[in-house]
Amino acid sequence: PQPTYPPQPTYPPQPTYPPQPTYPPHPTSQSGYPQQTCTQHFHITTHLNGYVLDIPGCNRENGVKIITYPKNSPPSDNQLWKFDYQPDGTFLIISKLHGKVLDCGGQTQGTELIMWDRHGGNNQRFRKEGNHIVSLSGLTLDIQGGNTAPGAHIILWSRNNPPSNNQKFDFTSA
């Protein structure tokens with residue numbers, strides 16, 4: 001049976017962006033940051049159990065919830081991502097599968113991460129702080145409840161203190 005999803009969020013019209021500026025080089029993936037060029041795809045790997053962010057079933061619809069899952073070998077497009085840096089220093093996380101981006105849907109604690117068509121709004125922009133991927137609301141990506149089972153959902157949550165592995169992620173070459 002097909003899963004049911006909540007109603008899709010309503011977004012403002014897509015803004016028009018000026019030409020992409022040239023950025024100074026960013027650190028390489030070995031230091032935990034995505035590369036500037038956006039040509040190389042990465043896995044987003046959890047510290048909790050080594051699983052990666054995954055689009056379940058290679059679903060191409062808006063609103064599909066992001067999960068963690070064991071890394072496929074050979075790599076599959078539903079687990080590969082690239083990054084597009086924005087002028088404000090944030091970045092969009094783009095799926096190799098279909099070009100949709102990670103989207104918070106909302107900016108409140110407990111919001112599930114979903115895939116959505118790219119519009120570049122604040123709910124699609126992230127920054128890296130150490131091993132944390134942080135939304136513009138200041139909430140960090142979190143494996144819901146520290147669940148180590150395949151299929152655990154990714155949500156936004158306040159950063160744990162002391163830090164916990166269910167909120168730490170690395171960008172690793174595919």
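Just so you know, these numbers use all the heavy atoms, side chains as well, and skip hydrogens, waters and symmetry mates. All values reported here derive from a predicted model rather than from experimental measurement.
A distance of 14.0 Å separates CD in Gln86 from CZ in Arg127, rounded to the nearest 0.5 Å. Ile66 contributes atom CD1, which lies 13.0 Å from atom CD1 of Ile143 (distance to the nearest 0.5 angstrom). The line from CG of Asn165 to OG1 of Thr46 is 8.0 Å long, rounded to the nearest 0.5 Å. Between the CG atom in Asn62 and the CG atom in Asp117 there is a gap of 4.0 Å [rounded to 0.5 Å]. Taking OG1 of Thr140 as the reference point, atom CG of Leu156 lies at 8.0 Å (rounded to 0.5 Å). In this structure, the separation between CG on Leu92 and OH on Tyr85 is 11.0 Å, given to the nearest 0.5 Å.
The closest side-chain heavy-atom distance from Ile133 to Phe171 is below 4.5 Å. Annotation: side chain of Asn166 is not in contact with side chain of Trp157 (no heavy-atom distance under 4.5 Å). Contact annotation: the side chain of Phe42 never approaches that of Ile93 to less than 4.5 Å [non-hydrogen atoms, C-beta and beyond]. Leu80 is listed as a side-chain neighbour of His43, based on a closest heavy-atom distance under 4.5 Å. Side-chain contact check for Leu102 versus Met115: some heavy-atom pair is nearer than 4.5 Å. Taking 4.5 Å as the limit, every side-chain heavy atom of Lys65 sits out of range of all side-chain heavy atoms of Ile154. Side-chain contact check for Leu139 versus Gln107: every heavy-atom pair is 4.5 Å or farther apart. No side-chain heavy atom of Ser137 sits less than 4.5 Å from a side-chain heavy atom of Thr108.
Linking ILVMFWY side-chain heavy atoms closer than 4.5 Å, directly or via other members, places Phe126 and Ile94 in two distinct hydrophobic clusters. Trp81 is not connected to Ile67 by any chain of hydrophobic side-chain contacts under 4.5 Å among Ile, Leu, Val, Met, Phe, Trp and Tyr, and they are in different clusters. Linking Ile, Leu, Val, Met, Phe, Trp and Tyr residues whenever their side-chain heavy atoms come within less than 4.5 Å leaves Val101 and Leu97 in two separate clusters. A continuous path of ILVMFWY side-chain contacts below 4.5 Å connects Phe91 to Ile44, so both sit in one hydrophobic cluster. Placement of Leu48 and Val134 in two distinct hydrophobic clusters is found when ILVMFWY residues are connected by side-chain heavy-atom separations under 4.5 Å, directly or transitively.
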Practice task
Run the numbers on Leu53 and Phe169 for side chain to side chain contact (heavy atoms under 4.5 Å, CB included), then give the verdict.
Solution key: CA-CA 9 Å; Leu53 295 193; Phe169 298 86; 4.0 Å; yes
Practice task
Begin from the C-alpha positions of Ile55 and His98 and carry the test side chain to side chain contact (heavy atoms under 4.5 Å, CB included) through to its verdict.
Solution key: CA-CA 10 Å; Ile55 301 168; His98 45 43; 3.7 Å; yes
Exercise for the section: Take Asp54 and Thr68, measure what side chain to side chain contact (heavy atoms under 4.5 Å, CB included) needs, and give me the verdict at the end. Expected result: CA-CA 6 Å; Asp54 182 286; Thr68 60; over 6 Å; no
Exercise for the section: Decide yes or no on side chain to side chain contact (heavy atoms under 4.5 Å, CB included) for His41 and Asp77, but give the supporting numbers first. Expected result: CA-CA 9 Å; His41 287 89; Asp77 290 353; over 6 Å; no
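For Asp170 and Thr172, the side-chain atoms include no donor-acceptor pair closer than 3.5 Å.
Proximity of a side-chain donor or acceptor of Gln79 to a complementary backbone N or O of Pro70 within less than 3.5 Å is detected. Of the possible donor and acceptor atoms, none in the side chain of Asp142 sits under 3.5 Å from a partner among the backbone N and O of Ser158. When atom types are taken as modelled, the side chain of Arg60 and the backbone of Lys100 share no donor-acceptor pair closer than 3.5 angstrom. At least one donor-acceptor pair under 3.5 Å links the side chain of Gln167 to the backbone N or O of Asn160.
The minimum heavy-atom distance linking Ile114 with Gly105 is given by the pair CD1-CA, 4.4 Å. Looking at every heavy atom in both residues, Lys128 comes nearest to Asn131 through NZ-CA, 3.4 Å.
Summarising the local packing, OH of Tyr51 is surrounded by more than 12 heavy atoms from other residues, nucleotides or ligands at distances under 6.0 Å.
Of the residues Glu112, Arg125, His119, the one that meets the side chain to side chain contact (heavy atoms under 4.5 Å, CB included) test with Asp103 is His119.
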